[in-house]
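First listed ligand is number 1; within each ligand, the first listed atom is number 1.
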Amino acid sequence: MVRHFGIVAALAAGACAITPKQVLQAPRRGAPVPNPSGKVALFSYSQYSFEEQSTTRAWQLLNLETGEITDSGLNSSEVSEAVWIPGTETGVLYINGTNEEIPGGVTLWIADIAKPSERKIVASLEAPFSGLKVANTSSGDLRFLVNSLAYPNGTAYNEELAPKPRHTGRLYNDIYPRHWDHWLTKQRYAVFSGTLLKASGYGLEDHKVRNLLQDIPFNVTKPESPVQPFGGSGDYDISPDGSIYALLTKAPHLNKANFTASYIYVGAFEGSAAPQALNGPGSEAYEAGHQGASGAPTFSPNSKKLAYYQQDGEYYESDRVKLYVVDINQGGYNTGNGSTVSTSGWKGLAPDWDRSAGSIAWAPDSKSVYTTAEDYARTRAFLIPLDSDADFKPKNLTSVTSVTGLAVLPDSSLLIAANAIWTSADFYRLSTDGTQKTLFSALEIDEDLAGLGPHTLEEFFYNGSLPNFDQQLHALVVKPSNFTEGDKYPLAYIIHGGPQGSNANAWSTRWNFQIWADQGYVVVAPNPTGSTGFGQELTDSIAGEWGSYPYEDVVLGWEYVRDNLSSFIDTKNGIVAGASYGGFMTNWIQGHDLGREFKAIVTHDGISNTESAFTTEELWFMRHDYLGPIWAENTTYSKFNPQDHVANFSTPQFVVHNTLDYRLPESDGLSLFNILQTKGIPSRFLNFPDENHHVLDPENSLFWNTEIFNWINHWSKGHELDGNAIGQ
Ligand SMILES: *[C@@H]1O[C@H](CO)[C@@H](O)[C@H](O)[C@H]1NC(C)=O
Ligand SMILES: *[C@@H]1O[C@H](CO)[C@@H](O)[C@H](O)[C@H]1NC(C)=O
Ligand SMILES: *[C@@H]1O[C@H](CO)[C@@H](O)[C@H](O)[C@H]1NC(C)=O
Ligand SMILES: *[C@@H]1O[C@H](CO)[C@@H](O)[C@H](O)[C@H]1NC(C)=O
Ligand SMILES: *[C@@H]1O[C@H](CO)[C@@H](O)[C@H](O)[C@H]1NC(C)=O
Ligand SMILES: *[C@@H]1O[C@H](CO)[C@@H](O)[C@H](O)[C@H]1NC(C)=O
Ligand SMILES: *[C@@H]1O[C@H](CO)[C@@H](O)[C@H](O)[C@H]1NC(C)=O
Ligand SMILES: *[C@@H]1O[C@H](CO)[C@@H](O)[C@H](O)[C@H]1NC(C)=O
Ligand SMILES: *[C@@H]1O[C@H](CO)[C@@H](O)[C@H](O)[C@H]1NC(C)=O
Ligand SMILES: *[C@@H]1O[C@H](CO)[C@@H](O)[C@H](O)[C@H]1NC(C)=O
Ligand SMILES: *[C@@H]1O[C@H](CO)[C@@H](O)[C@H](O)[C@H]1NC(C)=O
Ligand SMILES: *[C@@H]1O[C@H](CO)[C@@H](O)[C@H](O)[C@H]1NC(C)=O
């Protein structure tokens, strides 16, 4: 209650600007996962303290009737993951990060949240397994899936027990030696299955888990699931009856650098045969031309169907993501000799819908699926009945905020987690009749968020440059929390990455538009050509056009602000900032006329020399976006190269480039900084040796925000430049 008084006081004072520190130290909450009866939901909670320099974690319970939040009693220092056991009210299976017998291993425990102290260890696992999923079978046995790195021979890899290599040399035969922030080793991730036998008090059958990927044939890419670096337990699933599993791996006959293609394999839990790809070469899906990255294999509640998504293009990472469903046929189930699984009845869901699907959740009757999709600068929820026609256009079930988690409760209502520019987490129930019941809003609870609200967000639409495009382009406007009518604030123009991505009404601990605005700016965040959530044509039109339409759109958006929003936005003292493709665009702007309209530029991990684009390992990306490999004819490596326009560079620029960014190596930031310095253009270079494309550590994030704001406040507003830079 005391916290609420704090908020009331802050609101009364009126001027409650949010600082980087407040955003970074505010609690972070995962999406709640409902128990089988839909009465409570479990979610992760963490909070970083700048005073203690440490993070507090907890497993919390949300009451789905009252919204009351309590501690689950699961000790977060010991419990790394917990899943509900179907068929129980509050039973959980969890991973305990300590294994007293096997250093570096973990243990599985069964407990009841209602009586967490009456827990029981059921299995000792030899490696640091994670990604737990469980089915409670009709026989009473529990069948589970987990994942871990594995040796080439299939045995799970335990770093603590592995012999230390005598040298640090890394020798490669083929491309893709490293990706994101990791160098490839011989160990790859694999999904493992195990059975906890009811008859033996839930002891682990054969005292071991089985590597499900080991026997998948390959001639190029060793199968790996979850797919790195972002894959997790969403890359595999177990049917609710425990009979079938499904898992995702990149296409094993294609090299990882050239292609994004991936396939979903299904197999019988009891079977000994290797799983079969349901959308691989020879399948109906593949032969119909759907050959790109797939994902989110999700079994229906009745275990008879599997839904998943897939892109068409085998090397286009931003192709439209379409939904599919197949029937699962079990042969020889429970015959004990290696039962078989086949799929049939493959069908696209709303195949003509011009949006890209995100997550998948089944309705309790197994007759429709819920999905999320980016839609006009937020992620919204949609429902698609399985029997809908090809021309079915799903209607959005949610509106203003961005959906980050969606679960279906037994009464068919939805449990939604969402965020927005003004709230880090809202949890609410959405009934089938559209009624919303708020269970929790971080905005109302977290002291650090006090004073935020929808009042700072506006949007505008303007005409873009793309010929024959029948929609206007969208831009977000975020005003300072203490915006005063009649005052003018310098423009902070923020370009998004991707380039196939969006500036959206979403919470971020990395690029939080409200903290930029609360430095005393109005943030304008445009969605130019290349953006997602406005239909595939806008997204696709950036290929081979990095410096043309998107740049012209960014100019048109800026002119719109100058001409139409000048009553509260001062473009004469504006700044421009962007990361990744947004960093490329700021570098392109630096070399073009728009660059002269800004007092300062901020670029984070952006390409400055497109001729060196082959330093990355995501060769599929250039092959699509630059129209071919670097030696091919008519590509755009030299057409839109920021460093070819160095003669025009003259605006003060802050360059961030991190060492662990293996996708866009730090050499691009360094060469840009060297050019700026050599030309005598005021500039600073910020590097984090321990961060990848993203700055994630809270202390690093605070420094990132502080130094960037110091830079823009100096050049836009004349504040003093700090003395934090390391001299010669
Ligand atoms: C608004 O907030 C900014 C940043 O905290 C502060 O500098 C400014 O004085 C505030 N303005 C008003 C009118 O309260
Ligand atoms: C949680 O686990 C940690 C680490 O084992 C231990 O120090 C702590 O006392 C436990 N907390 C509770 C409430 O049991
Ligand atoms: C599995 O579900 C049954 C009800 O179908 C329940 O009685 C049993 O306790 C569950 N198993 C475990 C380990 O909780
Ligand atoms: C985790 O395992 C350790 C070692 O066996 C044990 O001492 C601890 O009580 C366990 N904690 C939980 C929550 O299971
Ligand atoms: C697999 O290889 C690892 C590393 O060489 C070894 O420790 C392990 O015993 C092997 N497993 C089997 C089943 O041969
Ligand atoms: C791998 O197998 C596929 C067929 O599955 C074949 O088309 C391809 O040529 C083979 N690649 C290599 C490198 O052997
Ligand atoms: C064993 O599996 C094979 C195919 O894998 C099948 O033809 C045979 O009928 C099965 N035997 C039994 C007893 O189910
Ligand atoms: C769907 O989105 C529109 C805006 O595009 C909004 O006006 C409407 O309220 C949304 N529908 C629901 C059910 O939230
Ligand atoms: C914007 O584009 C629309 C067509 O999409 C056109 O009708 C309108 O005249 C344009 N407005 C301006 C100001 O160019
Ligand atoms: C300003 O807004 C008007 C009305 O929407 C529009 O016609 C005009 O094109 C805008 N100016 C710019 C530069 O976009
Ligand atoms: C990778 O793609 C390039 C074209 O972008 C092609 O020349 C090369 O042969 C491909 N390599 C493999 C192994 O597929
Ligand atoms: C490159 O463009 C030229 C001129 O349009 C065309 O004649 C040629 O066929 C193109 N080359 C390739 C490999 O597409």
Which ligand 4 atoms are under 4.0 Å away from a heavy-atom of Glu100?
->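 Atoms satisfying the 4.0 Å criterion: 4 (C), 5 (O).
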Reference residue Tyr489; test ring-ring contact (aromatic ring centres under 6.0 Å, His included); the match among Trp516, Tyr521, Phe483 =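 With Tyr489 as partner, Trp516, Tyr521, Phe483 yield a single ring-ring contact (aromatic ring centres under 6.0 Å, His included), made by Phe483.
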Nitrogen or oxygen atoms of [X] and ligand 4 under 3.5 Å apart:
{"X": "Tyr94", "answer": "yes"}
{"X": "Glu78", "answer": "yes"}
{"X": "Asn75", "answer": "no"}

Criterion side-chain contact (heavy atoms from CB on, under 4.5 Å) against Leu42, the qualifying member of Pro32, Pro34, Ser72 =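 Only one of Pro32, Pro34, Ser72 forms a side-chain contact (heavy atoms from CB on, under 4.5 Å) with Leu42, namely Ser72.
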Report all N/O contacts between ligand 5 and the protein shorter than 3.5 Å as a table of atom names and distances to 0.1 Å; if there are none, say 'none'.
residue, atom, partner, partner atom, Å
ligand 5, 2 (O), Asn153, ND2, 2.3
ligand 5, 11 (N), Asn153, ND2, 2.9
ligand 5, 11 (N), Thr155, OG1, 2.9
ligand 5, 14 (O), Asn153, ND2, 3.4

Classify the ring geometry between Trp546 and Phe584 as parallel (under 30°), tilted (30 to 60°) or perpendicular (over 60°).
->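 Perpendicular: the ring planes of Trp546 and Phe584 meet at over 60°.
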Aromatic plane relationship, Tyr94 with Trp109 - under 30° parallel, 30 to 60° tilted, over 60° perpendicular |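 Correct class here is parallel.
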Pairwise side-chain contact, Lys39 with Glu89, heavy-atom cut-off 4.5 Å (strictly under) |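 In short, these two side chains touch, coming nearer than 4.5 Å.
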What pairs with His179 under ring-ring contact (aromatic ring centres under 6.0 Å, His included), at least two apart in sequence or on another chain?
->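 With neighbours one apart ignored, the set is Tyr176.
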Verdict with reasoning, Val523 to Val477, per side chain to side chain contact (heavy atoms under 4.5 Å, CB included) = CA-CA 6 Å; Val523 170; Val477 177; over 6 Å; no
Quick one: CD1 on Ile110 to CD on Glu118, what's the gap to the nearest 0.5 Å?
->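 These two atoms lie 13.5 Å from each other.
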Per-atom contacts of ligand 10 with Glu559, taking only distances under 4.0 Å to non-hydrogen atoms =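 Every atom of ligand 10 under 4.0 Å from some heavy atom of Glu559: 13 (C).
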